[in-house]
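The chains referred to below are lettered A, B, ... by the order of the sequence lines, with proteins before strands, and numbering in each begins at 1. As the structure is a prediction and not an experimental result, all values here were calculated from the model.
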Amino acid sequence: MDKLVVLIGGITLIAFIGWWFFGKHQSAAVDAQVTEKQQRARVSVDGGYTPSTLILKKGIPAQITFNRKDPSNCLEQVVFEDFGINQFLPQGQDQIIDIDTSKAGEFNYACGMNMFHGKVVVK
Amino acid sequence: MSYKNRFVFSLVVSLPLLVEMFLAPFGYHIPGGDWGEFLLATAVMLVSAGPFVRSAWAAFKHHHANMDTLVAIGTSTAYLYSIYAMLNHQAVFYESAALVVTLILLGQVFEERMKHSANGAVKKLLDLQAKDAEVLRDGKLVMLPLDQVVMGDVIRVKPGQKVAVDGVITEGKSTLDESMVTGESMPVEKSVGDAVIGSTMNNTGTFMFKVNKLGKDTLLSQIVEMVKKAQTSHAPIEKMVDKISNIFVPTVLITSIITFMAWYVFFGATVGQALIFMVAVLIIACPCALGIATPTALMVGTGRSAKLGILIKNGEALEAANKVKTVVFDKTGTITVGKPKVTDVIGDERMVLSVAASLEKSSEHPLASAILERAESNDLSFVEATDFQAIEGKGVQAMVDGKLAFVGNDKLLQDHKLGPQLKDRMTALQTEAKTVVIVGLDDQIIGLIAIQDAPKQSSMNAIAQLKQRGLRTVMLTGDNKLVAEAIAKQVGIDDVIADVLPGDKADHVKDLQENGPVAFVGDGINDAPALTTADVGIAMGSGTDIAIESGGIVLVKNNLEDVVQALALSEKTFSRIKMNLFWAFIYNALGIPIAAGVFATLGLTLSPELAGLGMALSSLSVVANSLLLNKVKLTSNAKERVVA
């Protein structure tokens, strides 16, 4: 009886893991706050990037403030491959990163090991 | 709390548990027995393992899982089960939970340190910058901080001082040590009119120079920018790794559940025994080793090459350079010095030179400047030419003194006849590796000008070394076949493709690509398409900005031997990446089945503590392997300066 319960429980757990991690889960894109000369946005780093997609306007200098709450060193760096940015994020502090918005496009960023991903869309 | 503090705390607290593990057979037990162990393990779990749990939960909410997930679930399972077992008077394994946390934190502390040293190249480059400069303002020399220096300022540099920014010498001369920026190990002599590079060291003399580049336009800043981009770039080989790491942790979670079910349900193990196998699987699996295999090697490799004056722009160029079979060189400025000199003038020297000079006056072709130089040294006055017209691929024509004059290469002979005597002279000059320019006036060829561009000293060595590496070398040039072959013979190049029109270089590169990946080495504006077409474009640093833009690798020193170095470094870096990936995969491929107890019948199992040690060691070995790239020997005559 115990074994049957373990078997059913285990299979249910496996199914849940598969659905939770491999299923499609959408997150909303967020626009940056835009003034005439500046646009700003905040990204909270805690088990991932929130919001994971930021929308910036082309041609207006942009600053993204990263704040890492997560103690894990998995997320201690943020890497924008297209801009050559590899910035250390001190835990619990704001870290401002300037983004070049002169070109439109989608620019992916990731943690130092390329496991957590975020995206900046310039348009 | 930092990783280090968490490690120290858990080390101190779990020490009694470790002692008990070894001394239990001799009858030693922690005061308080199971309850004593419970208190110690609880402290470790709360203080040192707490952040793992917190991160794992945060990631879980984002549908993510990482190393923290594995550590958190693994250690919590061991800890929570032990509480249950303690209350039911069964065997506990608090020490496993505490020791695993300690060992993994130990690995993290070391990894953190080593990652910082892998990251040092850019910081060292930035540290080179001078902080202030002696600037001429209102006729007086004043010491100003660097940010107050503006374009056009004149700066004085005394012996032993650093050149603050880029500029051109206006007064005085000196020798400079440029090794920190260009990698050139010999001091370079400079005098009025020569360019100086910011952050280089002035050795012997005092000189004044006029600022022409500031801030992020200086060579050093551009190098730093390029290295930064290279270090954050990804090699194509990583795509596969990324695919695996995306599903890695959830797959391990599923594997661990299967392990538990298999042992408990099918092999009749107790809950405790089955849990130990499950925890070992969770702990041994290390996504970190996979994740850092490529970035750390790329970082160390591109950092080291930057010190040598070789800028590898990204992981893609590095991976491609490693597969190259053929190296194609542009001739002028790449194999040769790029400063042609007139050696012979056939015909009436004054007449021939003055016609040629009139036509070439506004041209920027290197051959034109050679002719002008010679004309000026002969004090020739040249006549104004009008109605310029380019003769496609052949030369130029214009009206001089009411007569049609023309200057160009031997393709002009399709339209004009050359006497037998001149023809012989021309062939003779060409076999001496001299480019011959034909000068004509009023439909008649009036003379020839022979121009020679000597090969660089480094060319012969470089090509010999490339051949030693088993590479085919090809020279691609717009020059005449005889001249090209003569130069090729001097430097030892295998094949020559001559008489190539500027627009066709890229097509020839494409043809060569059919026999395997091609590297193209060039510097001119007309080389840009070929640099982009080739699998790896290697731009000479003396080259134009556009060539540097198009190249995947930039050689700051303009020394052809650096082509060999660049290929050697790429190969070494790439083989480190492959080695790292191999170890990371093998480690997981072997470690997980062993931990799951697949080989238990052979007596081969893995306790969670050993699994924790394995996880720590696996990422450490990867970082250490990458750092060793700094020590690897490149070529026999590599001149490398150690930047302190």
Side-chain angles (χ1 to χ4, degrees), chain A residues 2-27 44-52 68-88 90-92 108-118, chain B residues 1-3 6 50-52 54-68 108 111-112 115 119 122 224-234 238 241-242 245-251 253-254 257-258 260-261 264-266 268 271 274 287-288 290-292 294-295 299 314:
Chain A
D2 279 358
K3 291 186 177 181
L4 197 65
V5 171
V6 166
L7 208 55
I8 293 170
I11 290 169
T12 317
L13 206 54
I14 289 172
F16 171 75
I17 290 171
W19 168 76
W20 185 259
F21 291 111
F22 299 140
K24 283 240 176 297
H25 303 280
Q26 284 299 322
S27 60
S44 157
V45 182
D46 195 10
Y49 301 104
T50 321
S52 61
R68 174 162 76 100
K69 301 188 181 74
D70 200 312
S72 171
N73 63 356
C74 283
L75 282 152
E76 72 181 3
Q77 271 159 321
V78 61
V79 178
F80 284 83
E81 192 187 347
D82 303 289
F83 306 124
I85 295 171
N86 183 352
Q87 181 66 51
F88 178 79
Q91 193 190 341
N108 293 313
Y109 63 89
C111 68
M113 294 182 198
N114 210 10
M115 285 188 73
F116 294 94
H117 301 271
Chain B
M1 203 189 250
S2 71
Y3 278 99
R6 280 161 64 190
F52 285 130
R54 198 196 162 287
S55 296
W57 179 241
F60 179 79
K61 284 189 288 187
H62 282 83
H63 304 277
H64 273 307
N66 56 13
M67 183 201 87
D68 298 315
Q108 297 282 310
E111 194 186 310
E112 216 165 42
K115 270 205 292 199
N119 206 352
V122 167
V224 166
E225 198 53 33
M226 250 187 231
V227 175
K228 270 190 188 169
K229 278 201 176 158
Q231 294 192 328
T232 61
S233 74
H234 292 278
E238 265 179 287
V241 180
D242 289 345
S245 55
N246 278 339
I247 60 162
F248 185 81
V249 176
T251 309
L253 290 178
I254 292 173
I257 294 170
I258 295 175
F260 178 81
M261 289 197 302
Y264 181 71
V265 178
F266 300 114
V271 176
C288 287
L290 279 177
I292 58 183
T294 326
M299 196 167 262
N314 50 43

### Which of A:G112, A:S72, A:G48 touches chain B most, by non-hydrogen pairs under 4.5 Å
A:S72

### Task
Select, from B:G50, B:P287, B:S2, B:P51, the one with the greatest count of heavy-atom pairs under 4.5 Å involving chain A.
B:P51

### Message
Shorter than 4.5 Å, heavy atoms on both sides: which option in A:K69, A:Q91, A:Q77, A:H117 has the most such pairs with chain B?
### Response
A:K69

### Among A:V79, A:D46, A:D2, A:I11, residue most engaged with chain B (heavy-atom pairs, under 4.5 Å)
A:D46

### Task
Look at B:V249, B:I292, B:I247 and state which one has the largest set of heavy-atom pairs under 4.5 Å with chain A.
B:I247

### Distance in Å, B:L253 CG paired with A:W20 CH2, rounded so as to fall on 0.5 Å steps
13.5 Å

### Query
Minimum heavy-atom separation for B:T232 to A:E81, with atom names?
O-CG, 3.3 Å

### Message
Counting only non-hydrogen atoms closer than 4.5 Å, does A:I85 touch chain B with its backbone (N, CA, C, O), its side chain (CB onward), both, or neither?
### Response
backbone

### Message
Looking at every heavy atom in both B:Q108 and A:N73, which two are closest together, and how far apart are they?
### Response
OE1-ND2, 2.6 Å

### Query
Side chain, backbone, both or neither: which part of B:F260 has an atom under 4.5 Å from a heavy atom of chain A?
side chain

### Query
Will you find, in the side chains of A:N86 and B:Q231, an N or O donor that is under 3.5 Å from an N or O acceptor?
no

### Query
Can you say whether A:Y109 sits under 4.5 Å from chain B via the side chain, the backbone, both, or neither, judging by heavy atoms?
neither

### Backbone of A:G47 reached by a side-chain donor or acceptor of A:D70 within 3.5 Å
yes

### Query
With only heavy atoms counted, which part of B:F248 is less than 4.5 Å from chain A, the side chain, the backbone, both or neither?
neither

### Query
Quick one: what part of A:I14 sits under 4.5 Å from any heavy atom of chain B, side chain, backbone, both or neither?
both

### Query
Taking only residues two or more places apart in sequence or in another chain, which ones pass side-chain hydrogen bond (donor to acceptor under 3.5 Å, both in side chains) with B:E111?
B:S619

### Closest contact, heavy atoms only, A:Y49 versus A:G118
CD1-N, 3.9 Å

### Message
Distance check, rounded to the nearest 0.5 Å: A:F80 atom CZ versus B:K228 atom NZ?
### Response
13.5 Å

### chain A contact via B:P295 - side chain, backbone, both or neither, heavy atoms under 4.5 Å
side chain

#### Entry: Backbone N/O of B:F52 and side chain of B:S55: donor-acceptor pair under 3.5 Å
no

### Task
For each of B:M226, B:E238, B:H62, tally heavy-atom pairs with chain A at distances under 4.5 Å, and name the one with the top tally.
B:H62

### Query
For B:L290, is it the side chain, the backbone, both or neither that has a heavy atom under 4.5 Å from a heavy atom of chain A?
neither

